[in-house]
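Worksheet: one structure, shown below.
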Amino acid sequence: MSAYQHKGTGDLSQTWPNMAHYWMPFTANKQFKTNPRLLVSAQGMYYTDIEGNKVLDATAGLWCCNAGHGRAEISEAVSKQISQMDYAPSFQMGHPLAFELAHKLSEMSPDGLDHVFFTNSGSESVDTALKMALCYHRANGQASRTRFIGRELGYHGVGFGGISVGGISNNRKTFSQQLLQGVDHLPHTLDIANNAFSHGLPSHGLDKAEVLEQLITLHGAENIAAVIVEPMSGSAGVILPPQGYLKRLREITQKHGILLIFDEVITGFGRLGAAFASERWQVTPDMITTAKAINNGAIPMGAVFVSNTIHDTCMDGPDELIEFFHGYTYSGHPVAAASALATLSIYENEQLFERAKNLETYFEQAVHSLKGLPNVIDIRNTGLVAGIQFAPSDKGVGKRGYGIFDHCFRNGALVRATADIIALSPPLIVEKSQIDDMVNHLSDAIHAVG
């Protein structure tokens with residue numbers, strides 16, 4: 001049997017693959033394969049699907065492609081590096097690009113977070129940060145600090161550590177008996193009753209940070225290693241921190257000697273108009289986890305930014321001692337590092353972080369123009385990201401959100417659906433006219449789906 005089959009009629013430039021064998025991630029496979037959405041190329045702000053239709057990318061791929069698609073600088077760097085040296089081990093070995101990239105990243109990180117550990121994804125970055133927290137407390141003579149605190153509706157990847165500190169029920173319940181012990185959760189900060197249609201950070205909800213003091217009283221500060229939160233919860237549907245909330249978490253964790261980890265896999269590298277959310281909101285954690293836009297999604301890569309205090313404490317031992325028994329075969333992969341260096345140059349040369357900041361007001365006004373459309377119950381935004389939440393359909397939770405997502409795609413725009421929330425997070429190269437286009441696509445879909 002041929003591995004490929006044609007679908008439909010007409011002079012198609014692409015053939016349709018046999019889709020029976022690929023078990024797709026986070027996808028209703030049977031539903032998808034009945035009516036698939038296949039992308040075959042990308043350039044600038046647009047994908048092209050298998051039937052030759054242009055699709056406006058309103059999601060930067062999956063929060064990844066902040067510099068847009070088809071960047072020649074990145075592909076040239078990858079091609080050059082893969083022909084020069086395709087792979088090099090990072091265990092007891094090294095290659096120059098990994099050190100160069102770590103130095104470059106340290107120059108853009110918050111003050112005091114001058115060390116970088118490379119991973120291959122956001123999930124790996126989170127599990128790495130959790131292990132680092134344990135390593136630090138042991139090295140600091142406080143080995144009893146083993147408990148972690150996450151947050152409801154938080155998403156920290158799909159490793160067992162990330163699922164454990166995460167707070168999305170569907171990610172947890174299937175594996176509930178295998179999750180880490182000694183984990184608690186803060187309440188989420190979504191409060192539609194008090195904060196619906198906020199422009200920027202909501203004004204209500206600072207008191208939710210005070211729950212951390214209650215958890216510390218319950219478990220004992222001497223037993224808590226770290227608190228991990230997304231500054232802005234992306235995967236759960238763009239849930240924003242109330243004004244002053246992150247600063248209060250920082251104050252409480254510092255008071256009790258608890259590490260604070262910001263998961264910036266989504267917010268890192270310009271999404272909020274600054275290199276990191278910690279810069280945007282002037283709160284410096286002890287670690288930052290990243291991935292996605294670190295190299296524009298070109299090759300799997302992630303990184304954990306680590307405070308000097310954590311790093312130096314863990315390095316206090318015999319020279320021949322392996323300080324941190326952890327790592328990945330592809331940590332600091334040379335081709336991934338080359339793509340990251342090229343991406344950081346684009347961000348700098350084109351001032352894309354500043355561009356995102358300058359577009360924020362226009363983007364905000366555009367997305368809030370959807371207020372008043374059928375079943376829209378909330379709109380929330382910051383930087384170049386927005387969430388539009390809908391009342392659930394009487395057909396079931398998520399049916400309306402999926403219908404709007406699918407209608408947008410079939411008519412030329414890629415948005416992201418999480419249950420009945422649509423997220424917009426365009427590449428930072430987006431033009432005002434393209435912001436208008438994506439909002440118009442959404443408006444048409446909202447009216448069509450009902």
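Predicted model only: the values in this text are computed from it and were never measured.
Rounding to the nearest 0.5 Å gives a distance of 7.0 Å between OG of S307 and CG of L259. Remark: S443 OG to D436 CG distance equals 12.0 Å, nearest 0.5 Å. The line from CG of N35 to CD of Q31 is 9.0 Å long, rounded to the nearest 0.5 Å. One distance of note links OH of Y245 with CZ of R248; it measures 12.0 Å at 0.5 Å rounding. One finds the CG atom of N375 at 11.0 Å from the NE2 atom of H447 (value rounded to the nearest 0.5 Å). A distance of 9.0 Å separates CG of L424 from OG1 of T59, quoted to the nearest 0.5 Å.
Contact between V385 and S425 at its shortest, heavy atoms only, is CG2-CB, 4.3 Å. Nearest heavy atoms, A298 versus I74: CB-CG2, 3.8 Å. Closest approach of M45 to I429, counting heavy atoms only: SD-CG1, 3.8 Å. For the pair A336 and I299, the tightest heavy-atom approach, listed with the atom from each and the gap, is CB-CG2, 3.9 Å. The minimum heavy-atom distance linking A366 with V439 is given by the pair O-CG1, 3.6 Å. In terms of heavy atoms, V415 sits closest to A58 at CG1-CB, 4.2 Å.
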(request) Begin from the C-alpha positions of D49 and R410 and carry the test salt bridge (Lys or Arg N to Asp or Glu O under 4.0 Å) through to its verdict. (result) CA-CA 10 Å; D49 74 8; R410 305 297 174 189; over 6 Å; no
(message) Determine whether K208 and T189 satisfy the following criterion, side chain to side chain donor-acceptor pair (under 3.5 Å), listing intermediate values before the conclusion.
(response) CA-CA 7 Å; K208 294 187 177 183; T189 60; over 6 Å; no
(request) Please step through side chain to side chain contact (heavy atoms under 4.5 Å, CB included) for the pair L442 and C408, ending with a clear verdict. (result) CA-CA 7 Å; L442 258 181; C408 284; 4.1 Å; yes
(request) Verify ring pair (Phe, Tyr, Trp, His ring centres under 6.0 Å) between Y46 and H69, making sure each step is shown before the conclusion. (result) CA-CA 7 Å; Y46 294 88; H69 299 282; 9.6 Å; no
(request) Please test L56 against L414 for side chain to side chain contact (heavy atoms under 4.5 Å, CB included), starting from the C-alpha separation and ending with a verdict. (result) CA-CA 6 Å; L56 176 62; L414 177 62; over 6 Å; no
(request) Could you please spell out the steps behind the side chain to side chain donor-acceptor pair (under 3.5 Å) verdict for H204 and N195? (result) CA-CA 6 Å; H204 296 279; N195 291 321; 4.7 Å; no
(message) Evaluate L62 against R416 for side chain to side chain contact (heavy atoms under 4.5 Å, CB included), listing each step before the verdict.
(response) CA-CA 8 Å; L62 192 60; R416 175 167 169 75; 3.5 Å; yes
(request) Before giving the answer on side chain to side chain contact (heavy atoms under 4.5 Å, CB included), spell out for R380 and D378 the whole-Å C-alpha distance, their side-chain angles and the decisive distance to 0.1 Å. (result) CA-CA 7 Å; R380 38 194 186 264; D378 190 22; 2.6 Å; yes
(request) In sequence, state the C-alpha distance, the side-chain angles, and the governing distance for T361 and E364, and then conclude on side chain to side chain donor-acceptor pair (under 3.5 Å). (result) CA-CA 5 Å; T361 299; E364 177 178 86; 5.5 Å; no
(message) ring pair (Phe, Tyr, Trp, His ring centres under 6.0 Å) for F118 and Y330? Distances and angles first, verdict last.
(response) CA-CA 9 Å; F118 289 116; Y330 302 112; over 10 Å; no
(request) For ring pair (Phe, Tyr, Trp, His ring centres under 6.0 Å), just list the numbers for F276 and F262, CA-CA rounded to whole Å, side-chain angles, deciding distance to a tenth of an Å, and then say yes or no. (result) CA-CA 10 Å; F276 301 99; F262 278 0; over 10 Å; no
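You'll find the ring centres of H333 and Y87 inside the 6.0 Å limit.
For N349, the CG atom counts as densely surrounded, since its 6.0 Å shell holds more than 12 non-hydrogen atoms of other residues, nucleotides or ligands. Annotation for H103: atom NE2 does not count as buried by contact number, only 12 or fewer foreign heavy atoms lying within 6.0 Å.
Side-chain polar atoms of Y328 and T128 form a donor-acceptor pair below 3.5 angstrom. There is a side-chain donor-acceptor pair under 3.5 Å between S125 and T119. If you check the side chains of N440 and D437, you find no donor sitting under 3.5 Å from an acceptor. For E264 and T267, the side-chain atoms include at least one donor-acceptor pair closer than 3.5 Å. Side-chain atoms of T343 and N295 include no donor-acceptor pair closer than 3.5 Å.
Between the side chain of N66 and the backbone N or O of L428, no donor-acceptor pair lies under 3.5 Å. Without hydrogens or angle criteria, N296 side chain to G68 main chain gives a donor-acceptor distance under 3.5 Å. Between the R271 side chain and the G383 main chain, no donor and acceptor come within less than 3.5 Å of each other. Formation of a donor-acceptor pair under 3.5 Å by the Q81 side chain with backbone atoms of M85 is found in this model. Using modelled atom types, one side-chain atom of Q282 and one backbone atom of E279 make a donor-acceptor pair closer than 3.5 Å. A side-chain donor-acceptor contact under 3.5 Å links N358 to the backbone of E354. Side-chain atoms of S164 come within 3.5 Å of backbone N or O of F160 as a donor-acceptor pair. Using a distance-only test at 3.5 Å, with no hydrogens or angles considered, no donor-acceptor pair links the side chain of K104 to the main chain of L344. Under a 3.5 Å cut-off, the side chain of S90 and the backbone N or O of S331 do form a donor-acceptor pair. Q84 places no side-chain N or O within 3.5 Å of a backbone atom of K80 that could act as its donor or acceptor partner.
A heavy-atom distance below 4.5 Å is not found between the side chains of V265 and W63. Within the 4.5 Å cutoff, side-chain heavy atoms of L130 are placed close to those of F148. When side chains are defined from C-beta on, L190 counts as touching Q389, because their heavy atoms get closer than 4.5 Å. Taking 4.5 Å as the limit, every side-chain heavy atom of E152 sits out of range of all side-chain heavy atoms of L186. Residues S233 and Y155 are not in side-chain contact: their nearest non-hydrogen atoms beyond the backbone lie 4.5 Å or more apart. A 4.5 Å side-chain heavy-atom check between V158 and F26 finds at least one atom pair inside the cut-off. L359 is listed as a side-chain neighbour of L384, based on a closest heavy-atom distance under 4.5 Å. F405 has its side chain within reach of R37: a pair of non-hydrogen atoms, C-beta onward, lies under 4.5 Å apart.
In this structure, K371 forms a cation-pi arrangement with F197, its terminal cationic atom sitting closer than 6.0 Å to the ring centre and no more than 45° off the ring axis.
In summary, E360 and R280 engage in a salt bridge, as defined by a charged side-chain N under 4.0 Å from a carboxylate O. A salt bridge does not link K131 with D127: every distance from a Lys NZ or Arg NE/NH1/NH2 to an Asp or Glu carboxylate oxygen is 4.0 Å or more. Here R71 pairs with E350 in a salt bridge; the nearest charged N to carboxylate O distance falls below 4.0 Å.
Taking the six-membered ring where tryptophan is involved, the planes of F324 and H326 are tilted, since the angle between them lies from 30° to 60°. Aromatic ring pairs are classed by plane angle as parallel below 30°, tilted from 30° to 60° and perpendicular above 60°; the pair H199 and H368 is parallel.
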